[in-house]
Amino acid sequence: MAIYRDGGQQHPSEPVSDEAAGRHTVTDASRIRLRRVLIRAQESDRFAVIRWGGTTRISTREAGIAAIRAMAGKLTIAQIKDKLAARYRKQTAAVDLSALVTALAAADLIQSIDGRAAPSRKPPSIRSLRKFLFHFYIKEPLLRFGARALPFQASLRLCFEVIRIDMGTSLDKKAGRALERLLELPGGRSDSTAQFRREHLRHLIWNMAEPEAIVRSSPAAIDRWMDRHVAIEGREHLDQGLARGRGVIFSPFHFGSTMLNAIALVREGYCSTLVAVPQGPLDADSRENRFGAYQNSRPGRGKCRLVKDFSLASYRAIVAALGQGEIVIWMADVFAERPELSGTPATAEDALQQARLDHLRIRAARSVLPQSRMTVAFRGGAVYMNEWIGAFAQATGAAVVPGAVIRDGANVRLVLRPAIVPDPAAGVNAADQVNEQLFRELDRMVLEYPAQWFGWHHLRMASAQDASGGERSRRVWRPAVGVQRLTHAE
């Protein structure tokens with residue numbers, strides 16, 4: 001096992017090999033040589049360090065990259081610490097490389113320590129080399145070519161095929177896990193499992209292809225595609241909700257691209273605030289730049305602002321937008337449970353899910369506010385959903401308009417359902433009433449389009465106690481009360 005020793009502290013990594021256990025001790029006098037790696041910037045201030053031609057990787061920040069590049073200069077650990085301390089104006093004693101060394105060893109990125117070779121546990125294969133070259137050297141030029149030289153529909157199809165080749169295997173596994181969730185519920189369609197998996201995989205790829213194509217295309221190309229292939233059904237429900245003067249929470253369920261929801265409203269002249277966590281290469285700046293270019297491309301466009309996290313300031317921005325009578329686009333049908341707040345023990349599935357997020361370069365959202373949940377009837381069973389949509393509706397008086405992006409072959413429909421209006425006479429119970437109606441609508445839409453719903457991947461089954469109704473919702477914190485405080489924040 002590779003051991004990092006620093007001031008008497010030992011930090012074990014994953015085993016390198018049993019016979020080499022005692023021969024790979026890292027001290028401040030050690031020199032580490034890495035295998036050939038590729039460094040790529042990710043979202044925010046993070047970088048991926050990938051084994052060239054392989055599949056193993058780590059994620060680190062700028063300081064970690066500086067340390068890795070210093071290793072290539074054959075410096076000792078102590079010399080690297082001194083160099084980083086000078087660069088970042090820290091005391092040398094405050095520089096700790098143990099986590100980095102442990103991660104490099106666990107990812108099989110260390111070639112040798114003090115000249116002694118570290119066995120390669122997972123060397124690159126012909127298959128991994130093909131995937132590596134396609135993902136890092138072929139994919140991006142292909143997508144740029146499609147956006148520059150092809151009509152939008154053809155570029156969109158090219159995005160679909162590129163993503164299918166690049167990520168088809170991992171997405172097929174994801175479709176398989178969605179099928180497992182479906183079959184856990186009494187209302188699951190066990191007689192059409194193969195069809196569900198095929199269709200769900202296809203919609204997963206389309207859901208990734210559409211934002212890729214939109215980000216890379218001109219506003220004029222997007223307009224021509226939307227003229228032919230995108231329709232809005234039920235726009236009157238949105239207008240009726242806005243006519244009340246208290247804003248509308250447009251809550252499209254996870255049936256299609258968040259970006260497509262927002263651009264469709266901008267195209268129709270609506271002003272909105274989109275609550276969206278940046279994902280992978282489509283980070284907040286890419287989305288914001290695309291919205292800016294699109295909404296400024298023609299007079300009469302609406303405006304779309306982004307809420308990029310779930311901080312207290314972002315929640316207040318949501319309240320302010322509703323107070324101005326605008327639309328807030330906020331998906332309600334994913335319950336990303338936080339065990340430390342809900343009291344539910346973390347499971348092996350939680351660790352696997354985090355590993356998948358890391359692999360797909362998706363940054364998980366973390367809220368500074370306490371979490372709450374409710375138990376809702378869903379497909380003949382009981383699942384957890386979050387209560388925030390109803391809480392904001394009750395506190396602000398905003399109507400809630402459910403909806404979904406539904407794909408029919410080459411055509412896409414943005415389907416809007418009748419507005420759900422909170423009852424002032426119900427007090428804090430108005431939040432519960434709004435949520436119950438909202439999730440009944442979700443149940444109906446998933447029944448009609450099960451393979452197009454992406455919420456399967458985050459679905460949390462309710463415990464037997466909660467499902468029986470003995471404890472309707474084990475709230476850690478009452479969201480309606482919290483949002484009331486936000487509306488009166490200084």
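The first residue in the sequence is number 1, and the count goes up from there.
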Before accepting this row, confirm whether a basic side-chain N of the pair Arg444/Glu441 lies closer than 4.0 Å to the acidic partner's carboxylate O. yes
What residues form a side chain to side chain donor-acceptor pair (under 3.5 Å) with Arg298, not counting sequence neighbours? Asp223
Ring pair (Phe, Tyr, Trp, His ring centres under 6.0 Å) partner of Trp206, the single match among Phe160, Phe255, Phe454: Phe160
Can you name the closest pair of heavy atoms from Gln433 and Ala426 and give their distance? NE2-CB, 3.6 Å
Is Asp333 reaching over with its side chain to a backbone N or O of Phe253, donor-acceptor style, under 3.5 angstrom? no
Pair Lys131, Asp166 - check salt bridge (charged side-chain N to carboxylate O under 4.0 Å, His left out), show working. CA-CA 7 Å; Lys131 289 178 67 69; Asp166 185 42; 5.7 Å; no
Measure the spacing between CZ of Arg301 and CD of Glu268 and express it to the nearest 0.5 Å. 9.0 Å
Could you tell me which residues satisfy side chain to side chain donor-acceptor pair (under 3.5 Å) with Lys303, sequence neighbours excluded, listed by chain and number? Asn296
Can a cation-pi geometry be assigned to Arg224 and Phe152, taking NZ or CZ under 6.0 Å from the six-membered ring centre and within 45° of the ring axis? no
For Ser251, give me all partners under side chain to side chain donor-acceptor pair (under 3.5 Å), at least two apart in sequence or on another chain. none
Looking at Arg228, I want to see if its CZ is surrounded by more than 12 non-hydrogen atoms of other residues, nucleotides or ligands under 6.0 Å. no
Parallel, tilted or perpendicular: which describes the rings of Trp456 and Phe196, with under 30° parallel and over 60° perpendicular? perpendicular
Under 6.0 Å between ring centres: does that hold for Tyr315 and Phe392? yes
Could you check if a side-chain atom of Ile50 sits within less than 4.5 angstrom of a side-chain atom of Thr56, using non-hydrogen atoms only? no
